[in-house]
Amino acid sequence: MSDITLEPLSKPFSVSVTPPGSKSLTNRALVLAALAGGSCSVSNILFADDTLVMLDCLRKLGFDVAVDEATRTATVVGRGGVLPASSAELFCGNSGTTIRFVAALCALGHGDFTLDGVPRMRQRPIGELANLLHNLGVRIEYPGETGFPPVRIVADGLPGGWVRFGRSQSSQFLSALCQVAPYARHEVRVNLEPNQTSWPYVAMTLRLMDEFGVTPHLVRDPDTAEPTQLIIPQGVYHPTSYQVEPDASGASYFLAAAAIHPGSKITIAGLGKASLQGDVGFADLLHQMGADLVFGKDFITIGGTDRFEAIDVDLSKMPDTAQTLAVASLFAEGTTRLRGLHTLRVKETDRVAATATELRKLGAEVEIDGDDLIITPPEDGRLKPSAIDTYDDHRMAMAFALAGTKSAGVTIRDAGCVSKTYPTYFQDLETLRG
Ligand SMILES: O=C(O)C1=C[C@@H](OP(=O)(O)O)[C@@H](O)[C@H](O)C1
Ligand SMILES: C=C(OP(=O)(O)O)C(=O)O
């Protein structure tokens with residue numbers, strides 16, 4: 001897929017969309033299945049770049065993984081914490097969850113494993129995870145730059161013990177450790193410093209571990225309710241049949257589409273109050289801005305109204321929705337401030353810089369203040385026709401396409417980058433035309 005020029009929508013729409021399976025849940029469930037004490041079935045998995053590299057890594061590590069694309073189901077024969085391969089060269093593309101989760105998985109092995117990815121992955125940090133594993137007794141080496149992939153793990157099982165984890169560059173390091181911790185030789189305890197990064201993703205990990213039969217114990221400060229310690233019992237995940245929810249970050253584009261088109265309505269089927277994904281909270285933000293919201297048990301409906309107002313919001317718990325909200329704010333009245341974007345600098349691209357540059361092309365006034373983005377739509381409300389660069393970042397393509405549903409002359413360059421998590425995004429966006 002090359003460049004796509006969008007045609008603005010000519011009338012309000014009322015549709016139901018079901019995004020593909022969640023990337024975060026697919027990659028967690030595949031790891032937990034490989035660690036389980038028997039065969040697991042994971043259904044509604046996402047087939048996209050980030051999950052294909054995970055499937056490939058698991059196979060290279062010697063796991064028996066059968067995939068049925070027609071039913072979107074993976075059958076994984078769990079080996080009860082044993083890593084069949086004793087050496088592997090693992091390519092993780094630009095998938096943060098894959099390289100971090102699989103690095104921790106390799107720490108359970110007995111042998112020599114190297115993990116690497118695309119050039120951008122070599123700029124994405126892994127040092128904090130490597131330190132956690134090193135402090136728990138695993139040998140880590142960096143064939144290239146210290147703290148960044150490629151990373152070599154020379155393991156003889158995970159000894160375990162106590163570690164400390166602060167506000168980090170990514171919550172994926174803690175999620176990675178938690179998933180493998182039940183198989184350490186000694187119980188793993190993690191003392192947590194305040195202001196943990198992207199905490200809903202850690203909560204998702206803990207809940208999924210529980211679904212697979214190992215229940216971590218989370219200690220909270222009695223006064224502030226902040227998490228202070230995680231105690232992960234030793235154990236073996238049960239053979240489990242698990243169904244992956246639709247992707248809540250992928251849903252954010254459609255919810256925002258309804259919010260910026262007055263009179264339009266979107267229902268996301270299969271995501272609701274019971275979701276394990278923190279990004280379902282994005283619907284509440286659109287509601288605060290003026291959109292109608294019905295938050296059901298297993299659906300979310302957003303309706304666009306004539307009132308859509310700017311917001312001042314901390315997105316540190318929902319980092320993947322920042323670009324969606326940034327583009328939606330072009331159609332809100334007033335100046336929007338998005339706070340807490342520090343992890344965005346080390347994702348697929350520096351998303352703070354990329355988002356600011358592309359919003360400015362469309363005519364918005366944008367200020368970067370530390371980790372915040374401050375966005376004021378063009379004074380006359382008219383966007384400039386522009387070719388939007390996507391920086392090989394799926395979320396740049398998906399978010400900025402929303403501008404093209406409102407305003408003529410928006411081209412999304414190299415739109416194929418949506419294949420990272422949502423290969424059918426542009427087809428699904430077309431359904432808004434009725
Ligand atoms: O654990 C996960 O599945 C994820 C955690 C988040 O990363 P950070 O913790 O690095 O913010 C998020 O941006 C990413 O897309 C998926
Ligand atoms: C940051 C993302 O992915 P990851 O860190 O898993 O590569 C994302 O999907 O927006």
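Read the numbers this way: they start at 1 and go in the same order the structure lists the ligands and their atoms.
- Looking only at heavy atoms of the protein, atom 1 (O) of ligand 1 is closest to Arg28 NH2, 2.7 Å.
- Environment of CD in Glu365: sparse, with no more than 12 heavy atoms of neighbouring residues, nucleotides or ligands closer than 6.0 Å.
- On a distance-only criterion, Thr97 and ligand 1 share no N/O pair closer than 3.5 Å.
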task = Could you walk me through whether Asp372 and Arg337 pass salt bridge (charged side-chain N to carboxylate O under 4.0 Å, His left out), step by step?
result = CA-CA 7 Å; Asp372 299 359; Arg337 183 168 191 132; 2.9 Å; yes

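- Ranking the protein heavy atoms by distance from atom 9 (O) of ligand 1 puts Ser171 OG, 2.5 Å first.
- For ligand 2, the 4.0 Å heavy-atom shell contains residues Lys23, Asn94, Ser95, Gly96, Thr97, Arg124, Gln172, Asp320, Lys347, Glu348, Arg351, His394, Arg395, Lys420.
- Screening Thr343, Leu341, Thr197 for a side chain to side chain contact (heavy atoms under 4.5 Å, CB included) involving Pro319 leaves a single residue, Thr343.
- At under 3.5 Å, a nitrogen or oxygen of Ser24, whether backbone or side chain, sits near a nitrogen or oxygen of ligand 1.
- Under a 3.5 Å cut-off, the side chain of Glu211 and the backbone N or O of Leu206 do not form any donor-acceptor pair.
- Ligand 1 has no nitrogen or oxygen under 3.5 angstrom from a nitrogen or oxygen of Ser175.
- Ring geometry, Tyr253 versus Tyr425: the interplanar angle exceeds 60°, so the pair is classed perpendicular (tilted spans 30 to 60°).
- Heavy-atom minimum distance, Leu6 versus Gly404: CB-O, 3.7 Å.
- The shortest N or O to N or O distance between Tyr201 and ligand 1 is not below 3.5 Å.
- The shell of residues lying under 4.0 angstrom from ligand 1, judged by heavy atoms, excludes Met204.
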key: Verdict with supporting geometry, Lys60 and Asp56, salt bridge (charged side-chain N to carboxylate O under 4.0 Å, His left out)   = CA-CA 6 Å; Lys60 287 214 174 91; Asp56 190 49; 2.9 Å; yes

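- Of all the atoms in ligand 1, the ones that sit under 4.0 Å from a non-hydrogen atom of Ser198 are 8 (P), 9 (O), 11 (O).
- Note: Phe254 and Tyr422 have tilted aromatic rings, judged against thresholds of 30 and 60 degrees for the angle between ring planes.
- Of all atoms in ligand 1, numbered sequentially from 1 with element shown, those under 4.0 Å from a heavy atom of Pro319 are 11 (O), 13 (O).
- With respect to Tyr391, the side chain to side chain contact (heavy atoms under 4.5 Å, CB included) criterion is satisfied by exactly one of Arg351, Met396, Arg120, Glu348: Met396.
- Between Thr197 and ligand 1, a contact under 3.5 Å exists for no N or O pair.
- What sits closest to atom 10 (O) of ligand 1 on the protein, heavy atoms only, is Ser170 OG, 2.7 Å.
- Scanning the protein for heavy atoms near atom 7 (O) of ligand 1, the closest one is Lys347 NZ, 3.2 Å.
- Annotation: Lys317, atom NZ; neighbour count of heavy atoms from other residues, nucleotides and ligands within 6.0 Å does not exceed 12.
- In terms of polar-atom proximity, Arg100 is not counted as a contact of ligand 1, lacking any N or O under 3.5 Å from an N or O of the ligand.
- Scanning all protein heavy atoms for the shortest distance to atom 15 (O) of ligand 1 gives Asp320 OD2, 2.5 Å.
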Give the table of side-chain donor-acceptor pairs shorter than 3.5 Å for residues 125-136, with sequence neighbours excluded, one pair per line with atom names and distance.
residue : atom : partner : partner atom : Å
Glu128  : OE1  : Gln169  : N            : 2.9
Asn135  : ND2  : Asn131  : O            : 3.2

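- Between Arg339 and Asp371 there is no salt bridge, since no side-chain N of the basic residue sits under 4.0 Å from a carboxylate O of the acidic one.
- Of the options His394, Gln169, Gln172, His342, the smallest heavy-atom separation from atom 14 (C) of ligand 1 is shown by Gln172.
- Taking CG of Leu315 as the reference point, atom CG of Leu285 lies at 6.5 Å (rounded to 0.5 Å).
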